[in-house]
2 protein chains.
Amino acid sequence: MTTRRNTKQLEAIRSVIEEAGRPLSIEEIHATASGDVPSLGLRTVYRTIRRLQEDGVVANVSVPGAADRYEPAHIASKHHHHFHCLVCDRFFDVDGCPGGLSTMLPEGFKLESHELTLSGRCAACA
Amino acid sequence: MTTRRNTKQLEAIRSVIEEAGRPLSIEEIHATASGDVPSLGLRTVYRTIRRLQEDGVVANVSVPGAADRYEPAHIASKHHHHFHCLVCDRFFDVDGCPGGLSTMLPEGFKLESHELTLSGRCAACA
DNA sequence: GCATAAATGACAATATATTGCCAATGCCTA
DNA sequence: TAGGCATTGGCAATATATTGTCATTTATGC
């Protein structure tokens, strides 16, 4: 059986995602976690993110016109949406959701999920 | 001054986008327009799409988790959203729009635009 | 502490999408 | 109709993101 070891790299990456309060890109994770572990390689970030996804700890967020972001699974499991700041290029979580979306669909279409991305300027950039 | 020539490749690509009734990927455009112009090269599709965008004839659509799609500019200028069929991987236009989105934003955030992608099964795949 | 195997990180390699290049083609004007 | 030049399309080259490899490091059970 395979054992999962608790390295400082894993912990740095996990805590960066956990404490960000917003979905992060691979590069953001790498840059931020490098503060804790300066030697951190990008290769390790990719590998660790995948493991955290497999372990159900982290979930990926697909957004339009940008690379995937990653957020804690317990955040992802609570239905929410995202805001994309066009100035600083960061993504933020947004609570709430417009309902009644299935009425927008043509006859015969079956709605399974939806993704809403708001864009503009975040508070810091406005 | 540069003159714009009216080739059968340009016309095939333009009409495919115009008549599709839904946003198409580069590959879809290439595959469909090849019906009119069998020799059509992918290189020409990329070049022609860019020209059509520069000429304001075609607009691109960014969607989450998939390559950009292209639709007629006169369609894009009418606010609408998209449906992604998870079975056949096609995108469709959807009329209507949930309003009041700015109330979802935290204090200080400025909303400029939004993009909604519904996912599920299209009528043909349901 | 020690042995062992998981994890790391540097680098090369790959995958994929898009573009540069250029000889050949063919649209358009005079 | 002929010539000029925009356009085409094949292929190489590039850009970018991600993964394979592997020697080295290091966490963990005994």
Side-chain angles (χ1 to χ4, degrees), chain A residues 1-17 23-71 84 89-91, chain B residues 1-17 23-71 84 89-91:
Chain A
M1 59 157 249
T2 49
T3 308
R4 189 122 304 181
R5 291 183 178 177
N6 196 19
T7 66
K8 59 179 185 289
Q9 288 87 348
L10 170 66
E11 177 53 22
I13 291 168
R14 198 196 56 69
S15 76
V16 160
I17 295 172
L24 300 178
S25 67
I26 291 283
E27 289 297 343
E28 286 175 322
I29 293 165
H30 181 232
T32 307
S34 289
D36 294 320
V37 184
S39 69
L40 183 65
L42 198 51
R43 186 70 187 87
T44 297
V45 177
Y46 277 110
R47 216 162 13 204
T48 302
I49 292 291
R50 168 160 306 182
R51 287 175 194 161
L52 289 172
Q53 285 191 94
E54 290 170 354
D55 292 349
V57 174
V58 160
N60 81 308
V61 178
S62 289
V63 289
D68 278 11
R69 311 281 153 150
Y70 300 87
E71 64 186 3
H84 181 198
D89 204 42
R90 291 182 298 180
F91 281 80
Chain B
M1 58 154 248
T2 47
T3 309
R4 190 122 302 181
R5 291 183 178 174
N6 196 19
T7 66
K8 60 179 185 291
Q9 288 89 347
L10 170 65
E11 176 52 23
I13 291 168
R14 199 196 55 71
S15 77
V16 160
I17 295 171
L24 300 178
S25 67
I26 290 283
E27 289 297 341
E28 286 175 322
I29 293 165
H30 181 230
T32 308
S34 290
D36 295 319
V37 184
S39 69
L40 183 64
L42 197 51
R43 186 70 187 86
T44 298
V45 177
Y46 278 109
R47 215 160 18 203
T48 302
I49 292 291
R50 167 160 305 183
R51 286 175 193 162
L52 290 172
Q53 286 192 92
E54 289 169 354
D55 292 348
V57 174
V58 160
N60 81 308
V61 178
S62 290
V63 289
D68 278 11
R69 312 281 152 151
Y70 300 89
E71 63 186 3
H84 181 200
D89 203 41
R90 291 182 298 180
F91 281 80

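The chains referred to below are lettered A, B, ... by the order of the sequence lines, with proteins before strands, and numbering in each begins at 1. In this text, all values refer to a predicted model and were calculated from it rather than measured experimentally. Side chains included, hydrogens not; waters and symmetry mates left out as well; all remaining heavy atoms used.
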(Q) The test is side-chain contact (heavy atoms from CB on, under 4.5 Å); show your working for B/Val63 and B/Phe91 and say whether it passes. (A) CA-CA 9 Å; B/Val63 289; B/Phe91 281 80; 3.5 Å; yes

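Scanning for side-chain contact (heavy atoms from CB on, under 4.5 Å) contacts around A/Arg50 gives A/Glu54, with sequence neighbours left out. Scanning for ring-ring contact (aromatic ring centres under 6.0 Å, His included) contacts around B/Tyr70 gives an empty result, with sequence neighbours left out. Qualifying salt bridge (charged side-chain N to carboxylate O under 4.0 Å, His left out) partners for B/Glu27, counting only residues two or more places apart in sequence or in other chains: none. Contacts of A/Glu28 classified as salt bridge (charged side-chain N to carboxylate O under 4.0 Å, His left out), with partners at least two apart in sequence or in another chain: A/Arg22, A/Arg69. With sequence neighbours excluded, the residues satisfying side-chain hydrogen bond (donor to acceptor under 3.5 Å, both in side chains) with A/Asn60 are A/Asp68. With sequence neighbours excluded, the residues satisfying salt bridge (charged side-chain N to carboxylate O under 4.0 Å, His left out) with A/Arg14 are A/Glu11. Evaluation of the side-chain hydrogen bond (donor to acceptor under 3.5 Å, both in side chains) rule for A/Asp55 yields A/Arg4 as partners, not counting sequence neighbours.
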Q) What string of B, S and - do you get for nucleotides 17-22 of chain C 5' to 3' if you count protein non-hydrogen atoms under 4.0 Å? A) SSBBB-

Q: Could you run through nucleotides 25-30 of chain D and give me one letter per nucleotide, 5' to 3': B if any protein heavy atom sits under 4.0 Å from the base, S if only the sugar-phosphate is that close, - if neither?
A: -BBS--

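Going from atom CD of B/Glu11 over to atom P of C/dC27 covers 13 Å, rounded to whole Å. Look at CG on A/Asp36: it is 14 Å from P on C/dT8, rounded to the nearest Å. Put simply, CG on A/Leu10 is 12 Å from P on C/dG9, counting in whole angstrom units. For the pair A/Gln53 CD and D/dT19 C1', the computed distance is 15 Å after rounding to whole Å.
In terms of phosphate contacts, A/Gln9 brings no side-chain nitrogen or oxygen within less than 4.0 Å of OP1 or OP2 of C/dA7.
With axes fitted over five pairs at each extremity, the angle between the ends of the helix from C/dG1-D/dC30 to C/dA30-D/dT1 is 40° (10° resolution).
Nearest heavy atom pair, residue B/Val16 against residue B/Leu24, reads CG1-CD1, 3.6 Å. Taking each heavy atom of B/Glu71 and B/Pro23 in turn, the nearest pair found is OE1-CB, 4.0 Å.
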Distance-only check: which donor-acceptor pairs under 3.5 Å involve side-chain atoms of residues 33-48 of chain A, not counting sequence neighbours?
from, atom 1, to, atom 2, distance (Å)
A/Ser34, OG, A/His30, O, 2.6
A/Thr48, OG1, A/Thr44, O, 2.7

